[in-house]
Amino acid sequence: MKQAIGYVRVSTDGQAEDGVSLEAQQERIQAWCLVNGYQLADLHVDAGLSGKRADNRPALNKALEDVCKRGGVLVVYSLARLARSTKDTLAIADRLERAGCDLASLSEKIDTTSAAGKMVFRMLAVLAEFERDLVSERTTCAMQYKRSQGERVGKIPYGFDLAEDGVNLVKNPSEQRALDLIQSLHKDGYSLRQIADQLNKRGVASKGGQPWKHSTVQRIVKRAA
């Protein structure tokens, strides 16, 4: 019987985004194998991991090694579960092709055992990334507009408080003085760690009341650049 290797992934907020749980993905893969005469030799799971990069998902790497070693087809619920960029998606497809293996993506009904399936696969990968880029672009523009209007975007930045209207930001005098101190020390050549040490020694309060860290200072310096 022909061999299949399954791969499923859900990010920390994946189920809230699309309602496709690990169990639902697994069931779809098992059903596909049964209908198409494949033996599901193994199923690899990445739970709570982002799909932004393919190289930081251990189960995906294991699934690719597995299918390339056994031969057969890698079965995924959708291309979005496999990778989040055209570069990664096509790199995976190229690796499978060089190993003489195929890819089946169930949501898009893609099966690279045929030339037409390969063509559709590549086209959909490009279109999927284009759609994500458009969403990202619209989100960035909206956030920039909110900032220009002095409205809150995400967490309240250091140096400001939320106004009574619950939308706009107002300057926090003591935190503004701390911002001036940070910029002054940075201009004098202090490292991020040295600035954090100075803030802690002088008893300057951070936003959450925790000790200052170089990473916190870095975000503030970067925001002001």
Side-chain angles (χ1 to χ4, degrees), residues 1-140:
M1 184 178 284
K2 296 177 289 185
Q3 298 282 304
I5 299 297
Y7 171 71
V8 298
R9 178 186 67 80
V10 67
S11 60
T12 51
D13 57 356
Q15 286 178 258
E17 287 178 355
D18 53 29
V20 184
S21 66
L22 292 174
E23 292 75 15
Q25 294 178 55
Q26 292 170 5
E27 289 173 4
R28 283 287 302 276
I29 289 172
Q30 290 166 346
W32 183 90
C33 291
L34 182 62
V35 170
N36 291 277
Y38 280 85
Q39 177 189 359
L40 185 58
D42 210 341
L43 185 69
H44 300 276
V45 179
D46 273 324
L49 294 177
S50 169
K52 191 171 183 180
R53 284 174 40 230
D55 61 358
N56 68 348
R57 288 178 279 153
L60 173 59
N61 293 325
K62 180 62 177 175
L64 290 170
E65 292 174 4
D66 206 357
V67 72
C68 289
K69 181 179 178 180
R70 295 172 184 263
V73 59
L74 176 67
V75 189
V76 297
Y77 174 78
S78 71
L79 294 182
R81 299 299 92 193
L82 181 68
R84 294 283 288 178
S85 74
T86 300
K87 179 181 177 182
D88 280 345
T89 305
L90 296 182
I92 290 171
D94 181 64
R95 179 176 175 181
L96 292 173
E97 187 174 7
R98 284 187 283 106
C101 301
D102 289 295
L103 172 68
S105 182
L106 308 186
S107 294
E108 297 86 0
K109 295 181 174 60
I110 292 174
D111 185 343
T112 64
T113 56
S114 69
K118 286 185 174 69
M119 179 189 70
V120 173
F121 167 71
R122 287 176 170 81
M123 290 175 62
L124 284 175
V126 172
L127 290 173
E129 185 172 39
F130 176 64
E131 182 180 2
R132 286 192 294 271
D133 288 344
L134 285 178
V135 172
S136 176
E137 186 177 275
R138 288 194 294 268
T139 301
T140 299

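All values below come from the heavy atoms of this structure, side chains included, with hydrogens, waters and symmetry mates left out.
To the nearest 0.5 Å, atoms CG (L34) and CD (Q39) are separated by 12.0 Å. The line from CD1 of I92 to CG of L74 is 8.0 Å long, rounded to the nearest 0.5 Å. The CG atom of L106 lies 8.5 Å from the OG atom of S78; values are rounded to the nearest 0.5 Å. Atoms NZ and CD1, from K62 and I5 in turn, are 9.5 Å apart once rounded to the nearest 0.5 Å. A distance of 12.5 Å separates CD of Q3 from NZ of K69, quoted to the nearest 0.5 Å. Separation of atoms CG (L43) and CG (D66) is listed at 10.5 Å; rounding is to 0.5 Å.
For the pair S105 (side chain) and I110 (backbone), a donor-acceptor distance under 3.5 Å is absent. In this structure, Q25 contributes its side chain and R9 its backbone to a donor-acceptor pair below 3.5 Å. Judged by distance alone, the side chain of R81 and the main-chain N or O of Y7 form no donor-acceptor pair under 3.5 Å.
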Under 3.5 Å donor-acceptor pairs involving side-chain atoms of residues 97-104, not counting sequence neighbours:
unit_1 : atom_1 : unit_2 : atom_2 : d
R98    : NE     : D94    : OD2    : 3.0
D102   : OD1    : T112   : OG1    : 3.3

- Task: Apply side chain to side chain contact (heavy atoms under 4.5 Å, CB included) to the pair V67 and V73, showing each step before the final yes or no.
- Result: CA-CA 7 Å; V67 72; V73 59; 5.7 Å; no

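Residues G6 and L40 come closest through the heavy atom pair N-CD1, 3.6 Å. Between L96 and C68, the shortest heavy-atom distance links the atoms CD2-SG, 4.4 Å.
Residues Q26 and V45 have side chains in contact (heavy-atom distance under 4.5 Å, counting atoms from C-beta outward).
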